[in-house]
Amino acid sequence: MRLKWTRLLFLSILITSVASFCGCSVGLRMYDSGTAAATLVIETTCGSKNNESLGAEIPSTPDLNGYVWKIGMPWASKYLPGNDDTEEDNRLKQIYNDIETLYNVEIEIKPSTGLADYLAAGASKISYSDVIGVSAGEIIPLAVNGYIYSVEDPMLLALGLDCEDKTKWACDLSRLVKWNGKQWTVQMNSAYDIPEFGSFILFNKPIVSRIVPEGIADIVRSGGWTNEKYLEIALSAAKDTDYDGKADVFGTLLSENIAPVLANGGQILAELDGVWYNSLRNPATSGAIGTLAELVKSQNGAAASKAEAVDLFCQGKAAFLWAASPVFYDYPQLVGQKDLYGLLPMPNDSGRDFLSPITSYTGYAFMTTNKQLDKSVIVFNILAQKLSSDWFGVYKKASGLDQDSLEMLDLIYPNAVFNCAAFDASVMNAFNEYVSAPLASGENVETVVKNAASAVDTLLTQKNSDNLVRK
């Protein structure tokens, strides 16, 4: 299996700054796993020199007697080396081989379809794999049914899983994603699978420099990067070049309407002890929706999908593109364009302490039907340790951004805030239906908030009934 080409281009740049290992031979074996997706087993052999180099770093552990250790996830292709003899592929092969040799274990990378596979396994009282990859929207159904452990569970802690171990996990991000007061997943510190760490604004340098010749980064540094200042620049950037009454150059392109709400301290939902509460009537959220309304106006009629928004931006037809961190590897045409594009935090009313919204999340969990937890934890710990890298530094280097923009990224990462609505797609659908769409048609903010809050009330009544907390 191969990586998607859009991610492959970015990842090939990413991994050049991660230490590589010596080459080794690899054999690939496919078999029908009994699911819709085939499973690929990696069987590697290497010389003794490579084994010795890693052996010095890994503490002695019990012989696992040929145990077949499996990790199942929809994004399995990121961890399946190809046959191109690239640095990143050879590093993966070396890691798998060394772990297999030293632990007497076979590693199996197992593509899954996600929630449906895990629910079926749980209902049959079997574990889909030693470790499963889940999205935020899959956590609650699995937790409510009792099919996954909290990664803070005493049993996992006793077996050696430390979800606060920064040598293995992206702790600062995964601890944001909690439900019922518990953390259910960890994220690996892996440049092969860089986590979404926040959102930001990309700006077109030629357009913005004509409006702010002194440099827009200095506005951020001086504490002047407010919503008011942003809108002033965005509205000045909009142009009707052919005089047909419609903008041809747009001030703003929003790829995620929820991001400005989160960046300004709003949330659709709040949760306590497994019960959801409607946050739309909260003054911070209603105020943030008012900011979103102004931003929607500054789009000057542009209504585009994420891909269309990026395309318009790359054509030089917008001053600002609001985007999440995966934008560089989802759209590699943005990579290395430091003379054309810069990066800024999302503004707020204060011009300080910028919040950075995380609008989606994936992590790793353990099923409660797993009868081999000790072996599952041993191998996952060492795999995460060997895959661990300074993925944020790698991301910055690979983006090709200028020094000012890299400085802005350092402001963004420490202030990540998770979108609680990402736990349930129906809530995000309600936001788009009752907030985004009415604002785009010009409805006033007070009416939008009132109607949206009423709709979410109805939705949460059912959600809270469905998500009865297991005692």
| Would you call Lys397 and Asp390 a salt bridge, using N to O less than 4.0 angstrom? | no
Could you report the tightest heavy-atom contact between [X] and [Y], atom names first, then the distance?
X	Y	result
Tyr277	Leu460	C-CD1, 3.7 Å
Asn278	Arg281	ND2-NH1, 3.8 Å
Leu173	Gln187	CB-OE1, 3.4 Å
Ser199	Thr359	OG-CG2, 4.5 Å

| query | Are Phe354 and Ile412 close enough that some pair of their side-chain heavy atoms sits under 4.5 Å apart? | reply |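 They are not in contact (no side-chain heavy atoms under 4.5 Å apart), so the answer is no.
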| field | Minimum side-chain heavy-atom gap Asp424-Trp276 below 4.5 Å | value |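 Counting from C-beta outward, Asp424 and Trp276 never come under 4.5 Å.
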From [X] [atom1] over to [Y] [atom2], what is the distance, rounded to the nearest 0.5 angstrom?
X	Y	atom1	atom2	value
Gln337	Phe328	CD	CZ	10.0 Å
Lys317	Asn204	NZ	CG	12.5 Å
Asp273	Asn180	CG	CG	6.5 Å
Leu343	Tyr341	CG	OH	13.5 Å
Ser150	Leu156	OG	CG	8.0 Å
Thr369	Lys125	OG1	NZ	9.0 Å

| task | Walk me through it: do Ser426 and Asn429 pass the test side chain to side chain donor-acceptor pair (under 3.5 Å)? | result | CA-CA 5 Å; Ser426 63; Asn429 291 339; over 6 Å; no
| said: Pair Trp322, Phe313 - check ring-ring contact (aromatic ring centres under 6.0 Å, His included), show working. | reply: CA-CA 10 Å; Trp322 294 55; Phe313 182 74; over 10 Å; no
| salt bridge (charged side-chain N to carboxylate O under 4.0 Å, His left out) between Lys166 and Asp172: does it pass, once the steps are laid out? | CA-CA 9 Å; Lys166 292 188 176 183; Asp172 294 336; 3.6 Å; yes
Quick one about [Y] and [X] (side-chain donor to acceptor, distance below 3.5 Å, no hydrogens or angles considered), yes or no?
X	Y	answer
Tyr230	Thr252	yes
Asp117	Ser112	no
Ser190	Lys78	no
Ser360	Glu196	yes
Asn227	Asp349	yes
Ser279	Asn282	no

| query | Checking side chain to side chain contact (heavy atoms under 4.5 Å, CB included) for the pair Asn451/Glu443: CA distance, chi angles, key distance, verdict? | reply | CA-CA 11 Å; Asn451 292 341; Glu443 199 162 321; 3.6 Å; yes
| said: Could you walk me through whether Asp311 and Gln315 satisfy the side chain to side chain donor-acceptor pair (under 3.5 Å) test, starting with their C-alpha distance in whole Å, then the side-chain angles of each, then the deciding distance to 0.1 Å, before giving a yes or no? | reply: CA-CA 6 Å; Asp311 189 49; Gln315 292 176 39; 2.7 Å; yes
| query | Could you go step by step and tell me if Tyr361 and Ser174 meet the side chain to side chain contact (heavy atoms under 4.5 Å, CB included) rule? | reply | CA-CA 9 Å; Tyr361 173 88; Ser174 51; 3.4 Å; yes
Plane angle bin for [Y] and [X] - parallel if under 30°, tilted between 30 and 60°, otherwise perpendicular:
X	Y	answer
Phe197	Tyr395	perpendicular
Tyr128	Tyr118	perpendicular
Trp75	Tyr364	perpendicular
Phe418	Phe423	perpendicular

| CA sep, side-chain torsions, deciding dist, call: Glu256, Lys306, salt bridge (charged side-chain N to carboxylate O under 4.0 Å, His left out) | CA-CA 8 Å; Glu256 295 275 1; Lys306 187 181 298 185; 3.3 Å; yes
| task | Apply salt bridge (charged side-chain N to carboxylate O under 4.0 Å, His left out) to Asp410 and Lys396, showing your working. | result | CA-CA 10 Å; Asp410 286 332; Lys396 291 195 293 184; 2.9 Å; yes
| message | side chain to side chain contact (heavy atoms under 4.5 Å, CB included), that's the test. Do Val435 and Leu292 meet it? Break it down for me. | response | CA-CA 9 Å; Val435 177; Leu292 173 61; 4.1 Å; yes
| message | For Lys178, is the NZ atom crowded, meaning more than 12 foreign heavy atoms sit under 6.0 Å from it? | response |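 Counting other residues, nucleotides and ligands, NZ of Lys178 exceeds 12 neighbours.
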| Yes or no on side chain to side chain contact (heavy atoms under 4.5 Å, CB included) for Leu411 and Phe200, after CA distance, side-chain angles and deciding distance? | CA-CA 10 Å; Leu411 293 176; Phe200 42 69; over 6 Å; no
| request: For side chain to side chain donor-acceptor pair (under 3.5 Å), just list the numbers for Asn189 and Trp391, CA-CA rounded to whole Å, side-chain angles, deciding distance to a tenth of an Å, and then say yes or no. | output: CA-CA 6 Å; Asn189 275 326; Trp391 58 263; 3.0 Å; yes
| task | Could you walk me through whether Lys229 and Glu232 pass salt bridge (charged side-chain N to carboxylate O under 4.0 Å, His left out), step by step? | result | CA-CA 5 Å; Lys229 173 56 71 173; Glu232 175 190 320; 3.3 Å; yes
